[in-house]
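As a basis for the values below, the full set of heavy atoms in this structure was taken, side chains included, without hydrogen atoms, waters or symmetry mates. Since the model is a prediction, treat every value here as computed from it, not as a measurement.
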Amino acid sequence: MPEKIDYDAKIPNNVHLADDRRLQRALEGWQPKFMNWWGEMGPTLETEGVYLRTAVSVGRDGWAHFDHVNVPDYRWGIFLAEREPDRRIAFGEHAGEPVWQQVPGEYRADLQRLIVIQGDTEPASVEQQRLLGLTAPSLYDLRNLFQVNVEEGRHLWAMVYLLHAYFGREGRDEAEGLLLRNSGSPDAPRILGAFNEETADWLAFYMFTYFTDRDGKYQLGTLKESSFDPLSRTCEFMLKEEAHHMMVGTTGVDRVVQRSAELIREHDTYDIASHGGIPLDIIQRYLNFHYAVSLDLFGSETSTNAANYYTAGLKGRWQETRRKDDHKLTEDSRLLERPRDDGTWTSEEMQAILLLNLDLRDEYRADCQTGVNRWNKILADAGIDFRFALPHPGFNREVGINSGHHITPDGSIVDEATWEAARHKWLPTAEDLTFVRSLMHPVYERGKIASWVAPPRQGINGKPFDYEYVYLT
């Protein structure tokens with residue numbers, strides 16, 4: 001498998017697409033449909049060039065090229081990480097056997113379903129963010145939005161390739177369906193709830209790229225462990241691109257908090273709305289919402305499907321090969337906290353293999369806490385007493401054992417009336433959303449930035465903040 005990507009091909013790839021004419025023709029037939037979808041559901045703001053990175057190699061060093069690109073001309077393609085010689089299955093009942101280069105018949109339906117669900121999230125986020133360019137706070141931010149969008153489009157290509165190459169007619173039909181569903185559509189919505197939520201302002205975008213794209217990191221991390229080697233290698237390369245998306249979220253929230261802290265100190269008040277800043281309690285409510293919605297993406301805490309995927313070798317744990325156990329989990333157990341109708345919590349010991357979604361969610365929660373620590377350090381360094389916090393995992397949940405219960409951010413179980421009476425303290429209100437959107441005025445002048453967010457500490461690829469990252473029409 002060559003490391004370099006063939007950019008002379010109509011569809012850039014490193015999977016020898018030219019050697020499989022039937023597959024090549026099928027994907028070239030799908031390509032115009034993708035471009036139609038991009039034209040209809042992709043970014044609304046038209047540009048004449050955006051300073052984008054494009055993958056040119058799958059190796060560890062020098063894998064991306066930066067240049068101004070007309071976004072519809074971006075070279076979407078199919079890129080798999082290099083094949084690991086003699087790779088072996090690391091977990092489940094097939095542990096120790098060679099990984100699969102083709103789909104085993106008994107796991108065909110499950111593997112196809114996993115790929116379709118992952119593939120459905122990629123175009124969904126583009127659809128959710130399509131209007132954000134109209135209110136970008138700077139050219140730097142506008143560039144980052146487009147970078148996230150084009151790479152989500154490429155991740156769609158990654159999943160579509162697998163469907164076309166390994167799943168026959170059913171796979172081709174599923175690839176068509178990935179373009180027919182749309183985020184928030186009443187008739188054909190995206191599969192997962194978080195990807196039907198509106199991303200209507202830039203604070204929501206930063207929270208989405210911090211929390212929801214971070215969920216994507218962990219989901220891709222479990223698929224990277226898959227015994228189906230083409231899926232594993234696809235996800236390994238996707239994770240390289242996903243890291244930038246989370247950086248956009250992490251530093252985006254950093255910059256909002258930094259600016260709010262500056263305004264609090266300047267005016268000696270937490271009530272900075274009248275001074276053009278986003279109050280810290282509104283940021284906390286956005287955090288609560290996006291974190292809770294993202295937790296739902298992990299599914300129910302108890303899952304026989306996840307257990308079966310693990311046993312079969314389809315989907316592993318986060319950093320599976322670093323775990324110090326037997327990688328089968330048939331004898332392991334752990335405790336699950338459940339809410340009770342009497343307002344108390346109880347613990348139940350269960351087989352660890354039934355709690356794999358909870359295991360992954362725990363890894364995610366610890367990772368999310370690092371961002372909260374960053375944001376709190378900004379406040380502490382500014383001499384501000386306010387502190388952000390992740391809400392309890394049971395807060396505002398629609399999926400799993402906590403759905404149907406009214407759990408406060410501190411983990412108290414209350415009745416519906418009590419919860420609803422305090423809802424405005426915990427989740428963004430209509431007034432919050434209206435206020436934040438009132439700040440969303442575009443700033444397209446080179447080197448300038450909106451008043452509610454601080455500039456970044458450094459630009460992209462060594463360029464300064466005042467670089468002309470986007471050529472507008």
Side-chain angles (χ1 to χ4, degrees), residues 90-92 110 113-114 117-118 121 191-194 210-226 235 287-341 344-372 389-413:
F91 61 95
D110 284 339
R113 181 63 176 168
L114 288 171
I117 291 174
Q118 182 62 45
T121 67
I191 296 170
L192 301 177
Y210 185 81
F211 287 111
T212 307
D213 279 328
R214 195 166 302 275
D215 162 79
K217 164 188 168 180
Y218 281 88
Q219 301 299 342
L220 289 172
T222 62
L223 294 175
K224 184 177 78 71
E225 305 292 340
S226 178
C235 293
L287 184 162
N288 289 348
F289 173 79
H290 285 273
Y291 177 66
V293 167
S294 298
L295 287 185
D296 280 347
L297 294 172
F298 289 87
S300 179
E301 289 80 357
T302 61
S303 173
T304 54
N305 279 342
N308 291 337
Y309 293 155
Y310 186 83
T311 300
L314 308 186
K315 185 178 181 181
R317 291 172 293 175
W318 177 254
Q319 297 185 334
E320 179 70 43
T321 56
R322 298 186 185 182
R323 304 285 185 121
K324 304 299 183 183
D325 53 35
D326 66 0
H327 302 280
K328 295 183 184 294
L329 306 181
T330 52
E331 304 298 326
D332 295 349
S333 64
R334 66 167 292 181
L335 293 177
L336 173 67
E337 274 200 333
R338 287 184 178 274
R340 295 168 38 156
D341 291 338
T344 62
W345 293 90
T346 186
S347 293
E348 176 184 357
E349 187 173 7
M350 298 186 66
Q351 281 186 291
I353 199 168
L354 294 175
L355 298 176
L356 288 171
N357 287 346
L358 179 60
D359 177 87
L360 187 62
R361 195 186 77 187
D362 286 347
E363 297 281 351
Y364 168 82
R365 180 176 174 85
D367 197 357
C368 288
Q369 184 62 48
T370 64
V372 174
L390 293 176
H392 187 277
F395 171 74
N396 198 42
R397 297 295 305 284
E398 299 291 335
V399 175
I401 59 175
N402 297 301
S403 63
H405 293 270
H406 299 92
I407 301 170
T408 68
D410 68 4
S412 300
I413 304 170

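Not counting sequence neighbours, the partners of Arg340 by the salt bridge (charged side-chain N to carboxylate O under 4.0 Å, His left out) test are Asp342. For Ser294, the side-chain hydrogen bond (donor to acceptor under 3.5 Å, both in side chains) partners two or more places apart in sequence, or in a different chain, are Thr212. Remark: Asp362 pairs with Arg334, Leu358 by the side-chain contact (heavy atoms from CB on, under 4.5 Å) rule, at least two apart or across chains. The side-chain hydrogen bond (donor to acceptor under 3.5 Å, both in side chains) search around Ser412 returns Asp410, not counting sequence neighbours. Scanning for side-chain contact (heavy atoms from CB on, under 4.5 Å) contacts around Thr121 gives Gln118, Leu192, Phe195, with sequence neighbours left out. Partners of Tyr309 by ring-ring contact (aromatic ring centres under 6.0 Å, His included), not counting sequence neighbours: none found. Residues satisfying the ring-ring contact (aromatic ring centres under 6.0 Å, His included) test with Tyr218, not counting sequence neighbours, are Trp318. Residues that satisfy the side-chain contact (heavy atoms from CB on, under 4.5 Å) test with Ala352, not counting sequence neighbours, are Asp332. Residues satisfying the side-chain hydrogen bond (donor to acceptor under 3.5 Å, both in side chains) test with Ser333, not counting sequence neighbours, are Glu349. Residues satisfying the side-chain hydrogen bond (donor to acceptor under 3.5 Å, both in side chains) criterion with Gln369, sequence neighbours excluded, are Asn373. Partners of Lys224 under the salt bridge (charged side-chain N to carboxylate O under 4.0 Å, His left out) rule, at least two apart in sequence or in another chain, do not exist in this structure.
Of all heavy-atom pairs spanning Phe395 and Asn288, the tightest one is CE2-CB, 3.8 Å. Of all heavy-atom pairs between Phe211 and Leu390, the closest is CE2-CD2, 4.0 Å.
Between His406 and Ile413 there is no side-chain heavy-atom pair separated by less than 4.5 Å. No side-chain heavy atom of Thr346 sits less than 4.5 Å from a side-chain heavy atom of Glu348. Within the 4.5 Å cutoff, side-chain heavy atoms of Lys217 are placed close to those of Asp367. Side-chain contact between Glu225 and Thr321 is present, with heavy atoms from C-beta onward closer than 4.5 Å.
A donor-acceptor pair shorter than 3.5 Å can be found between the side chains of Arg317 and Tyr310.
The side chain to side chain donor-acceptor pair (under 3.5 Å) analysis of residues 389-398, with sequence neighbours excluded, yields the pairs Asp296-Arg397.
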CA sep, side-chain torsions, deciding dist, call: Lys315, Asn305, side-chain contact (heavy atoms from CB on, under 4.5 Å): CA-CA 10 Å; Lys315 185 178 181 181; Asn305 279 342; over 6 Å; no

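Shown are Leu297, Leu295, Leu356, Leu355; of these, the side chain to side chain contact (heavy atoms under 4.5 Å, CB included) with Arg361 is made only by Leu295.
Expressed to the nearest 0.5 Å, how far NZ of Lys328 lies from CD1 of Ile353 amounts to 10.0 Å. For the atom pair CG of Leu220 and OG1 of Thr222, the computed distance is 7.5 Å after rounding to the nearest 0.5 Å.
Here the side chain of Thr311 pairs no donor or acceptor atom with the backbone of Asn308 at under 3.5 angstrom. In this structure a side-chain-to-backbone donor-acceptor pair under 3.5 Å is missing from Tyr210 to Tyr291. A donor-acceptor distance shorter than 3.5 angstrom exists from the side chain of Glu301 to the backbone of Ile401, with no hydrogens or angles considered.
Classification of Glu363 and Arg322 as a salt-bridged pair fails, no side-chain N sitting under 4.0 Å from a carboxylate O.
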